[in-house]
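To start, the structure under review is shown below, and the notes come after it.
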Amino acid sequence: MEKEIKGVTHPIPTEYAERIYKNGKTVFVGKSHLGRVSKGDKFIIYESHGAKSYTGWADVIQVVKMKPSDILKDYKNQLMLTTEEFKEYSKGRNDMNVIEFENFQLFNKKVVPKRFIAISGKYIYEDEFKMIEKNKG
């Protein structure tokens, strides 16, 4: 039986993660597409600088691949990157991975993952999901 996917995580530098915490940004854009999550699964923030831990989560609205120009058109004010940062980041890309999320919740306690989180991100399966749930305070 295949393990159940409960969420997805991507490493986010602290300065960008803080735009979720403080500025209410609700759209993550990345280069790798982990599309096997569905509405209501968790998007888990892994702070890749500083904390090096899971710091919060949100409910996935959708995960889609989009052209950079469409992303700017549809999500400009919700992106955790400025327009300039996004243009630099998406340079030469035909499409990008978009995770739109809602109901962000900052954890009371940071949760350190068992293994290193690669830049490409990863799925969170039931066992790790339960570990996070238990330890987030």
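Keep in mind that this is a model prediction, so the values were computed, not measured. Values below: every heavy atom of this structure, side chains too, minus hydrogens, waters and symmetry copies. Residue numbers count from 1 along this sequence.
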Could you check whether any side-chain N or O of [X] sits under 3.5 Å from a backbone N or O of [Y], counting only pairs where one atom can act as donor and the other as acceptor?
{"X": "Tyr123", "Y": "Arg36", "result": "yes"}
{"X": "Thr82", "Y": "Glu85", "result": "yes"}
{"X": "Arg19", "Y": "Lys25", "result": "no"}
{"X": "Asp95", "Y": "Lys65", "result": "no"}
{"X": "Lys6", "Y": "Val37", "result": "no"}
{"X": "Thr14", "Y": "His49", "result": "yes"}

Show, in sequence, the C-alpha distance, side-chain angles and deciding distance for Glu128 and Tyr54, and conclude whether the side chain to side chain donor-acceptor pair (under 3.5 Å) test is met. CA-CA 11 Å; Glu128 189 169 15; Tyr54 300 128; 2.8 Å; yes

Roughly how far, to the nearest 0.5 Å, is the [atom2] atom of [Y] from the [atom1] atom of [X]?
{"X": "Ser38", "Y": "Ile5", "atom1": "OG", "atom2": "CD1", "value": "8.5 Å"}
{"X": "Ser48", "Y": "Ile117", "atom1": "OG", "atom2": "CD1", "value": "10.5 Å"}
{"X": "Tyr46", "Y": "Ile124", "atom1": "OH", "atom2": "CD1", "value": "11.0 Å"}
{"X": "Ser53", "Y": "Lys136", "atom1": "OG", "atom2": "NZ", "value": "14.5 Å"}
{"X": "Ser90", "Y": "Leu72", "atom1": "OG", "atom2": "CG", "value": "7.0 Å"}

Kindly state whether the ring of His10 and the ring of Phe28 have centres lying under 6.0 angstrom apart. yes

Side chain to side chain donor-acceptor pair (under 3.5 Å) assessment of Glu47 paired with Tyr21: CA-CA 12 Å; Glu47 239 184 74; Tyr21 315 157; 2.5 Å; yes

Step through the shown structure and confirm whether more than 12 heavy atoms of other residues, nucleotides or ligands are within 6.0 Å of NZ on Lys87. no

Heavy atoms of other groups near Asn23 CG, more than 12 under 6.0 Å: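 Atom CG in Asn23 is packed in, count exceeds 12.
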
Considering only heavy atoms from C-beta outward, does the side chain of Phe107 approach that of Thr55 to under 4.5 Å? no

Can we say Lys91 and Glu88 salt-bridge, meaning some charged N sits less than 4.0 Å from an Asp/Glu carboxylate O?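 Result for this pair is yes, salt bridge flagged.
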
Please name all residues satisfying ring-ring contact (aromatic ring centres under 6.0 Å, His included) with Phe86, sequence neighbours left out, ordered by chain then number. none

Scan Val27, Ile20, Val60, Asp41 and name whichever one has a side chain to side chain contact (heavy atoms under 4.5 Å, CB included) with Phe101.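 That would be Ile20.
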
Can you list every side chain to side chain donor-acceptor pair (under 3.5 Å) pair that touches residues 98-113, not counting sequence neighbours?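 Of all non-adjacent pairs touching residues 98-113, those that pass side chain to side chain donor-acceptor pair (under 3.5 Å) are Trp57-Gln105, Asp59-Asn103, Gln62-Glu100, Tyr75-Glu100.
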
